[in-house]
Amino acid sequence: MSGTPDRPFEFEAAVQELEQIVERLDREGIGLDEAIELFERGIQRLGEARRWLEMASGKVEELISTSTGRPDTTPLANAGSGDADAEA
């Protein structure tokens, strides 16, 4: 994952940086070289954030599995829906 040994990856900081990159790319008058550089940095940060989310999702699934004693791969969006089948 991104981050140096001194600084671990921070998801919120990556999202904030992506927002700033998009704002800068939306401005008129940005040079092609700068636009390409910003785009490359944005793609890098997006990949880092995606990998972090996948890791977090895996941890949540593991915690759910451990707490119930059986694997449960219910998507996070449906985890709290109160579906009786999911609890059976």
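All residue numbers refer to positions in the sequence shown, counting from 1.
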Pairs flagged by ring pair (Phe, Tyr, Trp, His ring centres under 6.0 Å) wherever residues 10-37 is involved - sequence neighbours left out: F11-W52
Co-members of the apolar cluster containing L38 [side chain, <4.5 Å]: I21, L25, I30
With sequence neighbours excluded, residues passing side-chain contact (heavy atoms from CB on, under 4.5 Å) with L32: I36
CD/Q20: more than 12 non-hydrogen atoms of other groups inside 6.0 Å: yes
Single-linkage hydrophobic cluster L63~L53, side-chain heavy atoms < 4.5 angstrom: no
Co-members of V22 in a cluster of I, L, V, M, F, W and Y side chains, linked at under 4.5 Å: none
Pairwise salt bridge (charged side-chain N to carboxylate O under 4.0 Å, His left out) hits with a residue in residues 11-31, at least two apart: E17-R41, E17-R45, R24-E34
